[in-house]
Amino acid sequence: MPRLYINLESIKENTQRIFEKCRQSSVELVGVTKVSLGDPQIAKLMKEAGVKIIGDSRIENIERMLQSGIDGPFMMLRIPPKEDLPKIVKLCEYILVSELKTVQWIEQISSDLNKSVSLIYMVDVGDLREGVWYKEAVEEIVQAIKLTKKAKIIGLGTNLGCYGGVIPSVKNMKMLVEIKDMVEKKASCQLTVVSGGNTAALKLLEDGSLPSGVNQ
């Protein structure tokens, strides 16, 4: 019978190395557990290695970790369907969003539950996977900021190296930071997070070319 062996010591060591590399560049590391279905052992090791936020794409995985004693905060990585939003708002501290209607739904649910939640608005800078197209991003995100009171848009994000094969580069990372700056100016607000990558962005971190301002 086929078996999958998971080396927990290697996962912890790798997480510690990446965490330290991120720390040196003032970048926050979010540990992603979706490939392991939210395995509590893996989440625990990531936490022990220094990771604060655990991200997953399914609320069932986050429930599994919570039931196993893994403390948040948790980030919902998947752009959430409407029917899952009440549970997601209840259990997660961070949610990725890419549409105004989703922001409106979350705002209403947050008000109903009397729970604040932080939103990261996804921007498509070329991969065609998710998010508002970069040319329309400033206007849409400013509008989203005006819609929120209980929920709060804390920053921007992008997902590269996934669907369209566009990899993180100095150019598209700078584009994300520039959009953040324009939103701040137009909305008279401060966005504290620019979430600019996944594993595909490690090369920029390692060679020191990750643009200043990308901090997650």
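Position 1 is the first residue of the sequence, and the numbers go up from there.
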Enquirer: Please check this pair: side chain of Q216 against backbone of V193, looking for a donor-acceptor N/O pair closer than 3.5 Å.
Expert: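 Side chain of Q216 to backbone of V193, a donor-acceptor pair under 3.5 Å: no, none is there.
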Enquirer: Output yes when a side-chain donor or acceptor of S57 lies under 3.5 Å from a complementary backbone atom of K34, and no otherwise.
Expert: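 Not confirmed, S57 side chain does not pair with K34 backbone.
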Enquirer: Would you say V35 and Y5 are hydrophobically clustered, going by side-chain heavy atoms of ILVMFWY under 4.5 Å?
Expert: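 No, because V35 and Y5 fall into different hydrophobic clusters, even though each may have its own neighbours under 4.5 Å.
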Enquirer: With heavy-atom distances below 4.5 Å as the criterion, would you say the side chains of V214 and L176 are in contact?
Expert: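 V214 vs L176: side chains apart.
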Enquirer: Drop me the distance from L45's CG to S10's OG, to the nearest 0.5 angstrom.
Expert: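 One gets 10.5 Å once the value is rounded to the nearest 0.5 Å.
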Enquirer: What residue among I54, V30, T33, L91 forms side chain to side chain contact (heavy atoms under 4.5 Å, CB included) with F74?
Expert: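 Output: one option passes, namely I54.
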Enquirer: CD of E83: more than 12 outside heavy atoms within 6.0 angstrom?
Expert: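 Counting other residues, nucleotides and ligands, CD of E83 exceeds 12 neighbours.
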Enquirer: Quick one: pull up CD in E93 and CD1 in I154 and give me the separation to the nearest 0.5 Å.
Expert: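 One finds 11.0 Å between CD of E93 and CD1 of I154.
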Enquirer: Test L29 against I18 for side-chain contact (heavy atoms from CB on, under 4.5 Å), laying out the working first.
Expert: CA-CA 8 Å; L29 178 64; I18 297 172; 3.9 Å; yes
Enquirer: For I106 and A151, work out which heavy atoms get closest and say how close.
Expert: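 Reported closest heavy-atom pair: CG2-CB, 4.1 Å.
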Enquirer: Could you go step by step and tell me if E63 and K87 meet the side-chain contact (heavy atoms from CB on, under 4.5 Å) rule?
Expert: CA-CA 10 Å; E63 285 182 302; K87 189 178 287 187; 3.4 Å; yes
Enquirer: Considering non-hydrogen atoms only, spot the tightest contact between C189 and I145 and give its length.
Expert: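 What the structure gives for the nearest pair is SG-CD1, 3.8 Å.
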Enquirer: Taking the side chain as C-beta and beyond, is there a heavy-atom pair between V123 and I141 under 4.5 Å?
Expert: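 They are in side-chain contact.
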Enquirer: Would you say NZ of K115 has more than 12 non-hydrogen atoms from neighbouring residues, nucleotides or ligands within 6.0 angstrom?
Expert: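 Result for NZ/K115: enclosed.
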Enquirer: Identify the heavy atoms of V117 and S110 that sit nearest to each other, and give their distance.
Expert: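 Closest approach of V117 to S110: CG1-OG, 3.3 Å.
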Enquirer: Would you say the side chain of M76 lies within less than 4.5 Å of the side chain of Y94, judging by non-hydrogen atoms?
Expert: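 A side-chain contact is absent here, since even the closest heavy-atom pair is not under 4.5 Å.
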Enquirer: Step by step, would you call V27 with L205 a side-chain contact (heavy atoms from CB on, under 4.5 Å)?
Expert: CA-CA 9 Å; V27 172; L205 197 65; 4.1 Å; yes
Enquirer: State plainly whether the residues E178 and K174 are in salt-bridge range, i.e. N to O under 4.0 Å.
Expert: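 Between K174 and E178 there is no salt bridge, as every charged N stays at least 4.0 Å from the carboxylate O atoms.
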Enquirer: Is the shortest side-chain heavy-atom distance between V132 and M122 below 4.5 Å?
Expert: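 The answer is no, as the side chains (C-beta and beyond) never meet within the 4.5 Å cut-off.
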Enquirer: When rounded to the nearest 0.5 angstrom, what distance separates CG in N215 from SG in C22?
Expert: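 Between atom CG of N215 and atom SG of C22 there are 11.0 Å.
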Enquirer: Hey, are E28 and R23 close enough for a salt bridge, meaning a charged N less than 4.0 Å from a carboxylate O?
Expert: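 Looking at R23 together with E28, the answer is no, because their closest N to O distance does not fall below 4.0 Å.
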Enquirer: Output yes when a side-chain donor or acceptor of K47 lies under 3.5 Å from a complementary backbone atom of D71, and no otherwise.
Expert: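 Pair found, side chain donor or acceptor close to backbone of D71.
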Enquirer: Look up atom CD1 in I95 and atom OG1 in T102, then write down how far apart they are to the nearest 0.5 Å.
Expert: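 One finds 10.0 Å between CD1 of I95 and OG1 of T102.
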Enquirer: Is it true that K180 and E184 have a side-chain N and a carboxylate O under 4.0 angstrom from each other?
Expert: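 A salt bridge is present here (some side-chain N lies under 4.0 Å from a carboxylate O).
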Enquirer: I'd like to know whether L156 forms a side-chain contact (heavy atoms from CB on, under 4.5 Å) with L191, so could you lay out the CA-CA distance, the side-chain angles of the two residues, the decisive distance to 0.1 Å, and finally the verdict.
Expert: CA-CA 8 Å; L156 313 181; L191 302 177; 4.2 Å; yes
Enquirer: With side chains defined as the heavy atoms from C-beta onward, is the minimum distance between I62 and I88 less than 4.5 Å?
Expert: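 With C-beta onward as the side chain, the pair stays apart.
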Enquirer: Would you say K150 has more than 12 foreign heavy atoms packed within less than 6.0 Å of its NZ?
Expert: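 Yes, enclosed.
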Enquirer: May I ask you to check whether over 12 heavy atoms, not counting those of E206, lie within 6.0 Å of atom CD?
Expert: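 Atom CD in E206 is packed in, count exceeds 12.
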Enquirer: Just by modelled atom types, is the K149 backbone N or O under 3.5 Å from a matching donor or acceptor in the E107 side chain?
Expert: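 Pair found, side chain donor or acceptor close to backbone of K149.
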Enquirer: Please tell me if the side chains of L8 and Q41 come closer than 4.5 Å, counting only heavy atoms from C-beta onward.
Expert: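 Sidechains of Q41 and L8: in contact.
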Enquirer: Distance from R64 atom CZ to I59 atom CD1, nearest 0.5 Å?
Expert: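 Interatomic distance, R64 CZ to I59 CD1, rounded to 0.5 Å: 14.5 Å.
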Enquirer: Flag the pair D181 and K185 as a salt bridge only when some basic side-chain nitrogen lies within less than 4.0 angstrom of an acidic carboxylate oxygen.
Expert: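 Judged by the 4.0 Å cut-off on N to carboxylate O distance, D181 and K185 do not form a salt bridge.
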Enquirer: So which heavy atom on G213 is nearest to which on V194, and how close?
Expert: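 Nearest pair, atom of G213 first, then V194: O-CB, 3.3 Å.
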Enquirer: Would you check if the side chain of R58 reaches a backbone N or O of L37 as a donor-acceptor pair within less than 3.5 Å?
Expert: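 A pair under 3.5 Å: no.
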Enquirer: Test your reading of the model: is there a side-chain donor-acceptor pair from N14 to the backbone of I11, 3.5 Å cut-off?
Expert: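 Not confirmed, N14 side chain does not pair with I11 backbone.
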Enquirer: Considering non-hydrogen atoms only, spot the tightest contact between V170 and P211 and give its length.
Expert: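 Looking at all heavy atoms of both residues, the closest pair is O-CG, 3.8 Å.
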Enquirer: Using 0.5 Å steps for rounding, measure from the CE atom of M46 to the NZ atom of K12.
Expert: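 Interatomic distance, M46 CE to K12 NZ, rounded to 0.5 Å: 12.5 Å.
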Enquirer: Looking only at non-hydrogen atoms, find the nearest pair between Y121 and V103 and report the distance.
Expert: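 Closest pair (atom of Y121, atom of V103, distance): CE1-CG2, 3.8 Å.
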Enquirer: Would you check if the side chain of K186 reaches a backbone N or O of V138 as a donor-acceptor pair within less than 3.5 Å?
Expert: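 Side chain of K186 to backbone of V138: no pair is present.
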